[in-house]
2 protein chains.
Amino acid sequence: MGRKKSYDRDETAERALHVFWEKGFEQTSLKDLEAATGVNRYGLYDSFTDKQGLFRECLTGYCASVMAMIEGFTSTGFSGLLGVIERFAEADFEEVHLHHGCLAITSMLEKECLSEDLQQLLGGYMDGILGAIRATLESEKKAGVLRKDLDIEDCMGLMHLIMVGLPTLSRTSPDADAMRRGGKSALNAMRTWLA
Amino acid sequence: MGRKKSYDRDETAERALHVFWEKGFEQTSLKDLEAATGVNRYGLYDSFTDKQGLFRECLTGYCASVMAMIEGFTSTGFSGLLGVIERFAEADFEEVHLHHGCLAITSMLEKECLSEDLQQLLGGYMDGILGAIRATLESEKKAGVLRKDLDIEDCMGLMHLIMVGLPTLSRTSPDADAMRRGGKSALNAMRTWLA
DNA sequence: TCGATATCTAAACGCTCGGTTGGCTATTGC
DNA sequence: GCAATAGCCAACCGAGCGTTTAGATATCGA
């Protein structure tokens, strides 16, 4: 009973995601979200509680899709850490959206504006990825794919650096190719480092 | 004639710098600046025109001091790119302030909030540093200090990545040592890459 | 067809922001 | 000591923010 919604909930979140992605949480206003989604603030508040609720849905979806992407790579024959990273990098670079960097990293840079649960979500996301990288490094080192004398801690430092550096490169550089070049260089450096 | 100022201009800018450094331009309010400097908004506007004027003075001072630091290293016997970078890294890591990352990088991430001249200042600062690194790479390659087959473009990609990645590491990581570890790893990677 | 109900639009709310102003206070030259 | 000057402080301004609400509108069951 009653009037029907004139918008699709998921599609609205998807459109909002791209605004948050481009401008960040704080810099995105309700006006921006109304314009991008075509939904009046009332509808946004009705469906997502408040601005942070909408952002939470966008961010969790984003993190989940990135995770799914990585798992997709590992389960379709791209064995080896470098293989996964390489394919991930290729996927990244082809996606126009990623010219705005990584939503998770961007959000961590404005964590003071976010509620506690969102900060924990971001922390968990990062820890999850870093933990997966570390586990892969250790198992591949044990299996002899990587150098026997590889210092895992040291290597993780570079992995972490690259992980946060590449999105930052894409956001700070006017040149859209800066991230692609950085990624290529990083892969080269890792190859000489790891093997 | 008239009443004397109750504050020192340079000291005020220095204190304001640390607030901008920690919170970024946009997130720093006049209230914050009043509290940190002990100077009423009237005084700040009288001495620096407006919020952006104060920020301009802080940012130019910051960039100049970093440049002076680098030049200090090169002119006191630390020849070689890696030597300079290493010493710069050590200086960075000892400075408590750099737990908040690099003001220039932080500012480039919110360039939409800054006036045209500040964006150009930031661009020039980055280009200056990157240009100096490139020139050093080329001359050291020619002099035989570095590998003869070193791909300069490729190498610059990594340099740029590290340059923006390290400050981001320090700002996104709750662990204060993340940047130190990232810097150490980056130096190791560069050593194997360059030599 | 009509009343009940869910949704839409647009206006308004309270708040904080950067920026300004006017009355008070300290310092100066005479 | 007194008028002139410059600086200080607090209150105020308009704008924009996220959020709420009131009234109009569309859709449903009966």
Side-chain angles (χ1 to χ4, degrees), chain A residues 1-13 15-59 106-107 110-119, chain B residues 1-13 15-59 106-107 110-119:
Chain A
M1 214 195 220
R3 191 169 170 176
K4 279 181 178 169
K5 277 183 166 47
S6 65
Y7 56 91
D8 178 72
R9 206 190 122 96
D10 291 343
E11 192 179 335
T12 300
R15 289 179 185 170
L17 165 62
H18 286 83
V19 189
F20 284 130
W21 201 339
E22 180 186 340
K23 312 184 64 166
F25 173 75
E26 177 80 13
Q27 288 301 314
T28 299
S29 70
L30 264 296
K31 222 175 177 181
D32 296 327
L33 294 169
E34 285 181 319
T37 60
V39 178
N40 185 276
R41 321 143 99 73
Y42 174 88
L44 298 177
Y45 275 74
D46 185 46
S47 291
F48 306 98
T49 310
D50 57 10
K51 187 187 174 189
Q52 207 143 178
L54 174 54
F55 182 68
R56 179 179 298 110
E57 198 138 320
C58 294
L59 185 59
T106 300
S107 302
E110 51 179 350
K111 55 177 180 294
E112 278 74 19
C113 304
L114 303 177
S115 63
E116 192 65 35
D117 67 308
L118 284 178
Q119 294 185 33
Chain B
M1 214 194 221
R3 190 169 168 176
K4 280 180 181 170
K5 276 182 167 49
S6 65
Y7 57 91
D8 178 73
R9 205 191 123 96
D10 291 344
E11 191 178 334
T12 300
R15 289 179 184 171
L17 165 62
H18 286 83
V19 188
F20 284 130
W21 201 338
E22 181 186 339
K23 312 184 65 168
F25 173 74
E26 177 80 12
Q27 287 300 314
T28 299
S29 70
L30 286 196
K31 223 176 180 179
D32 295 327
L33 293 169
E34 285 179 320
T37 60
V39 178
N40 185 275
R41 327 144 90 76
Y42 173 88
L44 298 178
Y45 275 76
D46 185 46
S47 291
F48 304 99
T49 309
D50 58 9
K51 188 188 174 189
Q52 263 203 84
L54 174 53
F55 182 68
R56 179 179 298 110
E57 198 139 319
C58 295
L59 185 59
T106 300
S107 302
E110 52 178 351
K111 56 177 179 292
E112 277 75 19
C113 304
L114 302 177
S115 62
E116 192 64 36
D117 65 309
L118 284 178
Q119 294 186 33

Where do A:Leu54 and A:Ala13 come nearest, in terms of heavy atoms and distance? CD1-CA, 4.3 Å
Distance in angstrom units between A:Asn40 CG and C:dA11 P, rounded: 11 Å
To the nearest Å, how far apart are A:Asp46 CG and C:dT9 P? 13 Å
Rounding to an integer number of Å, can you tell me how far B:Lys51 NZ sits from C:dG18 P? 4 Å
Here's a test for you: under ring-ring contact (aromatic ring centres under 6.0 Å, His included), which of A:Trp21, A:Phe48, A:Phe20 qualifies with A:Phe55? A:Phe20
Shortest non-hydrogen contact between B:Ala16 and B:Leu33, atoms and distance: CB-CD2, 3.9 Å
Quick one: the side chain of A:Arg3 and the base of C:dT7, do they pair up donor-acceptor inside 3.5 Å? yes
Residue whose nearest DNA chain C nucleotide is more 5′ - A:Gly2 or A:Val39: A:Gly2
What heavy-atom pair brings A:Ser47 and A:Arg9 nearest, and what distance separates the two atoms? O-NH1, 2.6 Å
Using modelled atom types and a 3.5 Å cut-off, is there a donor and acceptor pairing between side-chain atoms of B:Glu110 and backbone atoms of B:Gly24? no
Kindly state which residues belonging to residues 23-31 of chain B come within less than 4.0 angstrom of DNA chain D, counting heavy atoms of the residue only, listed by number. none
On a heavy-atom basis, the closest approach of B:Ser115 and B:Arg56 is OG-NH2, 3.9 Å
Using atom CG of A:Leu44 as one end and atom C1' of C:dA10 as the other, report the distance to the nearest whole Å. 15 Å
Between B:Phe48 (CZ) and C:dG19 (C1'), how many Å, whole number? 16 Å
Length of the line joining A:Lys5:NZ and C:dT7:P, which is rounded to integer Å: 4 Å
Is there a side-chain contact between A:Tyr42 and the phosphate of C:dC8, meaning an N or O under 4.0 Å from OP1 or OP2? no
Taking all heavy atoms of A:Arg15 and all of A:Ala36, pick out the closest pair and write down the distance. CD-O, 3.4 Å
Give the first and the last nucleotide of DNA chain D, reading 5' to 3', that has any atom under 4.0 Å from a heavy atom of chain B. D:dT5 to D:dA10
From CZ of B:Arg41 over to P of C:dC17, roughly how many Å is that when rounded to an integer? 9 Å
To the nearest angstrom, the OH-P distance between A:Tyr45 and C:dT9 comes to 16 Å
Please give me the minimum heavy-atom distance between B:Arg41 and B:Lys31, naming the atom from each residue. NH1-N, 4.2 Å
B:Phe25 and its side chain to side chain contact (heavy atoms under 4.5 Å, CB included) partner, picked from B:Leu114, B:Val19, B:Thr106: B:Leu114
